[in-house]
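Notes to accompany the following structure.
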Amino acid sequence: MQVVSELTDTSRLCLHTITTKPWPLEIAVEKYAAAGVHGITVWRQWLEGKSLEKSRRLISDAGLQVVSLCRGGFFPSANAGKRQEAIAENLRALDEAAAIGAPWVVLVCGADPSQSLIDSRQQIFDGISACLEQAQKLGVKLAIEPLHPMYAGDRSAINTMKQANDLCELIDHPFLGVAVDVYHVWWDPDLQKEIERCGRAGRLLAFHICDWHLPVEDLLNDRGLMGEGCINIRQIRGWVEQTGFTGFNEVEIFSNRWWKTDMDEFLAAILAAYRRHS
Ligand code: ZN
(Lines give C-alpha, C1' and ligand atoms only; values in the text may rest on other atoms or scores of the structure.)
Protein backbone atom coordinates (compact mmCIF):
# COMPACT_ATOMS: atom_id res chain seq x y z
CA MET A 1 0.00 0.00 0.00
CA GLN A 2 1.17 3.45 -0.83
CA VAL A 3 2.23 5.65 2.06
CA VAL A 4 1.26 9.28 1.68
CA SER A 5 1.34 11.95 4.37
CA GLU A 6 -1.94 13.40 5.66
CA LEU A 7 -2.34 17.09 5.01
CA THR A 8 -3.67 17.87 8.45
CA ASP A 9 -2.29 21.41 8.48
CA THR A 10 -1.34 24.11 6.01
CA SER A 11 2.38 24.24 6.79
CA ARG A 12 3.21 23.00 3.27
CA LEU A 13 0.48 24.89 1.45
CA CYS A 14 1.54 27.45 -1.14
CA LEU A 15 -0.66 29.52 -3.43
CA HIS A 16 0.25 30.93 -6.81
CA THR A 17 -0.76 34.56 -7.09
CA ILE A 18 -2.51 33.74 -10.36
CA THR A 19 -4.86 31.43 -8.46
CA THR A 20 -6.44 34.47 -6.84
CA LYS A 21 -6.00 36.58 -9.98
CA PRO A 22 -8.20 39.54 -8.96
CA TRP A 23 -6.03 40.20 -5.88
CA PRO A 24 -2.93 42.39 -6.23
CA LEU A 25 0.19 41.31 -4.33
CA GLU A 26 -0.56 43.30 -1.17
CA ILE A 27 -4.05 41.81 -0.76
CA ALA A 28 -2.93 38.30 -1.71
CA VAL A 29 -0.14 38.36 0.88
CA GLU A 30 -2.45 39.66 3.60
CA LYS A 31 -5.21 37.14 2.82
CA TYR A 32 -2.89 34.14 2.45
CA ALA A 33 -1.14 34.88 5.73
CA ALA A 34 -4.44 35.36 7.55
CA ALA A 35 -5.66 32.01 6.18
CA GLY A 36 -2.57 30.17 7.45
CA VAL A 37 -1.00 29.68 4.02
CA HIS A 38 2.77 29.49 4.41
CA GLY A 39 4.09 29.75 0.86
CA ILE A 40 3.59 32.04 -2.10
CA THR A 41 4.63 31.58 -5.71
CA VAL A 42 4.78 34.98 -7.29
CA TRP A 43 3.89 35.49 -10.93
CA ARG A 44 6.00 38.18 -12.52
CA GLN A 45 2.99 40.33 -13.47
CA TRP A 46 2.37 40.83 -9.74
CA LEU A 47 5.75 42.57 -9.45
CA GLU A 48 5.33 44.93 -12.39
CA GLY A 49 5.88 48.56 -11.45
CA LYS A 50 6.80 47.61 -7.88
CA SER A 51 9.99 47.82 -5.87
CA LEU A 52 11.37 44.29 -5.67
CA GLU A 53 12.93 45.00 -2.30
CA LYS A 54 9.61 46.25 -0.91
CA SER A 55 7.80 43.25 -2.35
CA ARG A 56 10.32 40.89 -0.75
CA ARG A 57 9.84 42.62 2.60
CA LEU A 58 6.05 42.67 2.29
CA ILE A 59 6.08 38.89 1.81
CA SER A 60 8.59 38.05 4.52
CA ASP A 61 7.03 40.45 7.06
CA ALA A 62 3.76 38.56 6.60
CA GLY A 63 5.57 35.32 7.49
CA LEU A 64 5.27 33.88 4.00
CA GLN A 65 8.01 32.03 2.15
CA VAL A 66 8.60 32.73 -1.55
CA VAL A 67 8.44 29.28 -3.13
CA SER A 68 9.04 30.14 -6.80
CA LEU A 69 8.92 32.89 -9.37
CA CYS A 70 6.63 32.17 -12.33
CA ARG A 71 7.66 32.28 -15.01
CA GLY A 72 10.44 32.26 -17.52
CA GLY A 73 10.91 30.24 -20.68
CA PHE A 74 9.32 30.86 -24.10
CA PHE A 75 12.71 30.33 -25.70
CA PRO A 76 11.82 29.07 -29.20
CA SER A 77 11.26 31.33 -32.17
CA ALA A 78 11.98 31.03 -35.87
CA ASN A 79 13.37 34.56 -35.51
CA ALA A 80 16.90 34.70 -34.11
CA GLY A 81 16.39 38.19 -32.69
CA LYS A 82 13.38 37.02 -30.72
CA ARG A 83 15.36 34.12 -29.33
CA GLN A 84 17.97 36.56 -28.05
CA GLU A 85 15.22 38.71 -26.51
CA ALA A 86 13.83 35.64 -24.78
CA ILE A 87 17.21 34.88 -23.23
CA ALA A 88 17.51 38.48 -22.03
CA GLU A 89 14.00 38.26 -20.54
CA ASN A 90 14.92 35.06 -18.70
CA LEU A 91 18.04 36.70 -17.29
CA ARG A 92 15.79 39.50 -15.99
CA ALA A 93 13.51 36.90 -14.44
CA LEU A 94 16.51 35.39 -12.66
CA ASP A 95 17.42 38.83 -11.29
CA GLU A 96 13.87 39.32 -10.04
CA ALA A 97 13.86 35.90 -8.40
CA ALA A 98 17.11 36.67 -6.59
CA ALA A 99 15.72 40.04 -5.49
CA ILE A 100 12.55 38.61 -3.93
CA GLY A 101 14.26 35.52 -2.54
CA ALA A 102 12.75 32.92 -4.88
CA PRO A 103 14.96 29.80 -5.08
CA TRP A 104 14.01 29.11 -8.70
CA VAL A 105 12.26 30.38 -11.79
CA VAL A 106 9.66 28.05 -13.28
CA LEU A 107 10.03 27.62 -17.04
CA VAL A 108 7.20 27.30 -19.51
CA CYS A 109 9.67 26.39 -22.22
CA GLY A 110 7.75 27.64 -25.27
CA ALA A 111 7.09 26.49 -28.84
CA ASP A 112 6.83 28.31 -32.15
CA PRO A 113 4.07 26.86 -34.35
CA SER A 114 5.83 28.11 -37.48
CA GLN A 115 8.67 25.63 -37.04
CA SER A 116 9.06 21.96 -36.10
CA LEU A 117 8.96 20.74 -32.52
CA ILE A 118 12.47 19.40 -33.08
CA ASP A 119 13.71 22.92 -33.82
CA SER A 120 11.79 24.31 -30.83
CA ARG A 121 13.35 21.69 -28.56
CA GLN A 122 16.85 22.51 -29.76
CA GLN A 123 16.19 26.20 -29.08
CA ILE A 124 14.93 25.36 -25.59
CA PHE A 125 18.18 23.48 -24.99
CA ASP A 126 20.16 26.48 -26.26
CA GLY A 127 18.11 29.03 -24.32
CA ILE A 128 18.33 27.22 -20.99
CA SER A 129 22.04 26.60 -21.51
CA ALA A 130 22.58 30.31 -22.11
CA CYS A 131 21.00 31.23 -18.75
CA LEU A 132 22.61 28.74 -16.40
CA GLU A 133 25.83 30.59 -15.72
CA GLN A 134 23.87 33.60 -14.49
CA ALA A 135 21.50 31.31 -12.58
CA GLN A 136 24.42 29.79 -10.69
CA LYS A 137 25.96 33.19 -10.03
CA LEU A 138 22.70 34.39 -8.47
CA GLY A 139 22.01 31.10 -6.68
CA VAL A 140 18.65 30.75 -8.44
CA LYS A 141 17.70 27.52 -10.21
CA LEU A 142 15.67 26.98 -13.37
CA ALA A 143 12.77 24.53 -13.10
CA ILE A 144 11.49 23.01 -16.33
CA GLU A 145 7.74 22.47 -16.12
CA PRO A 146 6.57 19.94 -18.71
CA LEU A 147 3.22 21.06 -20.14
CA HIS A 148 0.32 18.86 -21.28
CA PRO A 149 0.65 17.94 -24.98
CA MET A 150 -2.40 20.06 -25.82
CA TYR A 151 -0.02 23.01 -25.47
CA ALA A 152 2.71 21.63 -27.74
CA GLY A 153 1.66 23.93 -30.58
CA ASP A 154 2.47 27.24 -28.99
CA ARG A 155 3.26 27.04 -25.27
CA SER A 156 5.73 24.23 -24.70
CA ALA A 157 7.55 21.63 -26.74
CA ILE A 158 8.45 19.85 -23.47
CA ASN A 159 5.39 17.74 -22.72
CA THR A 160 6.34 14.83 -20.50
CA MET A 161 8.38 14.18 -17.39
CA LYS A 162 10.61 11.93 -19.48
CA GLN A 163 11.41 14.81 -21.84
CA ALA A 164 12.12 17.10 -18.90
CA ASN A 165 14.34 14.47 -17.28
CA ASP A 166 16.15 13.78 -20.56
CA LEU A 167 16.78 17.48 -21.10
CA CYS A 168 18.12 17.87 -17.56
CA GLU A 169 20.43 14.91 -18.09
CA LEU A 170 21.65 16.28 -21.39
CA ILE A 171 22.42 19.73 -19.99
CA ASP A 172 23.57 18.24 -16.67
CA HIS A 173 23.81 21.37 -14.55
CA PRO A 174 23.30 21.63 -10.77
CA PHE A 175 21.04 24.67 -11.24
CA LEU A 176 18.55 22.91 -13.51
CA GLY A 177 15.59 20.88 -12.24
CA VAL A 178 11.92 20.11 -12.82
CA ALA A 179 8.54 21.39 -11.62
CA VAL A 180 5.87 18.67 -11.58
CA ASP A 181 2.34 19.94 -12.20
CA VAL A 182 -0.37 17.29 -11.89
CA TYR A 183 -2.51 19.09 -14.49
CA HIS A 184 0.09 18.50 -17.18
CA VAL A 185 1.34 15.03 -16.39
CA TRP A 186 -1.43 13.07 -14.63
CA TRP A 187 -2.32 11.09 -17.79
CA ASP A 188 1.23 9.80 -18.42
CA PRO A 189 1.60 6.00 -18.00
CA ASP A 190 5.30 6.53 -17.17
CA LEU A 191 4.62 9.17 -14.55
CA GLN A 192 5.58 7.21 -11.44
CA LYS A 193 8.78 5.95 -13.03
CA GLU A 194 9.78 9.42 -14.26
CA ILE A 195 8.99 11.09 -10.93
CA GLU A 196 11.25 8.52 -9.24
CA ARG A 197 13.96 9.17 -11.81
CA CYS A 198 13.68 12.93 -11.28
CA GLY A 199 13.84 12.60 -7.50
CA ARG A 200 16.76 10.17 -7.62
CA ALA A 201 18.73 12.71 -9.62
CA GLY A 202 17.95 15.40 -7.03
CA ARG A 203 16.09 17.46 -9.61
CA LEU A 204 12.51 17.45 -8.34
CA LEU A 205 12.12 21.06 -7.24
CA ALA A 206 8.43 21.89 -7.21
CA PHE A 207 4.99 20.27 -7.06
CA HIS A 208 1.87 22.02 -8.42
CA ILE A 209 -1.69 20.86 -7.77
CA CYS A 210 -5.17 21.48 -9.15
CA ASP A 211 -7.62 19.17 -10.94
CA TRP A 212 -8.68 18.17 -14.45
CA HIS A 213 -12.21 19.51 -14.63
CA LEU A 214 -14.57 18.00 -17.23
CA PRO A 215 -15.69 18.96 -19.76
CA VAL A 216 -12.69 21.20 -20.46
CA GLU A 217 -14.31 24.42 -21.65
CA ASP A 218 -11.17 26.48 -22.06
CA LEU A 219 -7.76 24.98 -22.80
CA LEU A 220 -6.00 27.42 -20.50
CA ASN A 221 -8.41 28.80 -17.94
CA ASP A 222 -10.65 25.94 -16.88
CA ARG A 223 -8.61 24.14 -14.28
CA GLY A 224 -10.48 22.55 -11.43
CA LEU A 225 -10.17 22.94 -7.71
CA MET A 226 -8.76 19.78 -6.12
CA GLY A 227 -11.59 17.24 -5.97
CA GLU A 228 -13.53 18.74 -8.88
CA GLY A 229 -11.97 16.50 -11.50
CA CYS A 230 -10.37 13.16 -12.25
CA ILE A 231 -6.75 13.51 -11.14
CA ASN A 232 -5.65 11.22 -8.33
CA ILE A 233 -3.68 13.99 -6.65
CA ARG A 234 -2.99 12.03 -3.49
CA GLN A 235 -1.46 9.14 -5.39
CA ILE A 236 0.81 11.43 -7.40
CA ARG A 237 1.76 13.36 -4.25
CA GLY A 238 2.68 10.01 -2.69
CA TRP A 239 5.04 9.25 -5.58
CA VAL A 240 6.58 12.71 -5.24
CA GLU A 241 7.03 12.34 -1.47
CA GLN A 242 8.54 8.88 -1.86
CA THR A 243 11.48 10.55 -3.62
CA GLY A 244 12.16 12.45 -0.39
CA PHE A 245 10.39 15.64 -1.49
CA THR A 246 9.37 17.74 1.50
CA GLY A 247 8.60 20.99 -0.31
CA PHE A 248 5.37 22.87 -0.75
CA ASN A 249 2.15 21.73 -2.37
CA GLU A 250 1.50 24.67 -4.67
CA VAL A 251 -2.09 25.37 -5.62
CA GLU A 252 -2.10 26.76 -9.15
CA ILE A 253 -5.57 27.18 -10.62
CA PHE A 254 -6.39 29.21 -13.70
CA SER A 255 -10.16 29.28 -13.81
CA ASN A 256 -12.54 31.75 -15.39
CA ARG A 257 -15.27 30.06 -13.34
CA TRP A 258 -13.54 30.60 -10.01
CA TRP A 259 -12.15 34.04 -10.86
CA LYS A 260 -15.75 35.23 -11.30
CA THR A 261 -16.58 34.24 -7.72
CA ASP A 262 -15.76 36.01 -4.46
CA MET A 263 -12.04 35.44 -3.79
CA ASP A 264 -12.49 35.10 -0.02
CA GLU A 265 -14.94 32.26 -0.62
CA PHE A 266 -12.59 30.73 -3.19
CA LEU A 267 -9.72 30.83 -0.70
CA ALA A 268 -11.89 29.09 1.88
CA ALA A 269 -12.81 26.46 -0.73
CA ILE A 270 -9.12 25.93 -1.55
CA LEU A 271 -8.29 25.33 2.12
CA ALA A 272 -11.12 22.79 2.46
CA ALA A 273 -10.21 21.04 -0.80
CA TYR A 274 -6.53 20.97 0.18
CA ARG A 275 -7.28 18.95 3.30
CA ARG A 276 -9.90 16.73 1.72
CA HIS A 277 -8.66 16.03 -1.80
CA SER A 278 -4.91 16.64 -1.99
ZN1 ZN B 1 2.27 24.62 -12.83
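When a residue number appears, it is its place in the shown sequence, counting from 1. Computed from a predicted structure; not experimentally measured. Whatever order the structure lists ligands and atoms in, that order sets their numbers, starting from 1. In what follows, every heavy atom counts, from backbone to side chain, and hydrogens, waters and symmetry copies are set aside.
Ring geometry for Trp23 against Tyr32 counts as tilted: the plane angle lies between 30° and 60°, on a 0 to 90° scale. Ring geometry, Trp43 versus Phe254: the interplanar angle exceeds 60°, so the pair is classed perpendicular (tilted spans 30 to 60°).
Because the distance cut-off is set at 2.8 Å, Cys70 fails to qualify as a neighbour of the Zn ion (ligand 1), as none of its N, O or S atoms comes that close. Counting backbone and side-chain atoms alike, Glu250 contributes no N/O/S atom closer than 2.8 Å to the Zn ion (ligand 1).
Geometry note: the Zn ion (ligand 1) is the vertex, Asp181 OD2 and Glu252 OE1 are the arms, and the angle is 80° (rounded to 10 degrees).
Residues Pro22 and Phe266 form no side-chain contact, since every pair of their non-hydrogen atoms from C-beta on lies 4.5 Å or further apart.
Counting just the N/O/S atoms of Glu145, the one with the shortest distance to the Zn ion (ligand 1) is named OE2. The atom name of the N/O/S atom in His208 closest to the Zn ion (ligand 1) is ND1.
The environment of CD in Gln45 is crowded: more than 12 heavy-atom neighbours from other residues, nucleotides or ligands sit within 6.0 Å.
Ionic pairing of Glu196 and Lys193 is not present here: no N-O contact between side-chain nitrogen and carboxylate oxygen is shorter than 4.0 angstrom.
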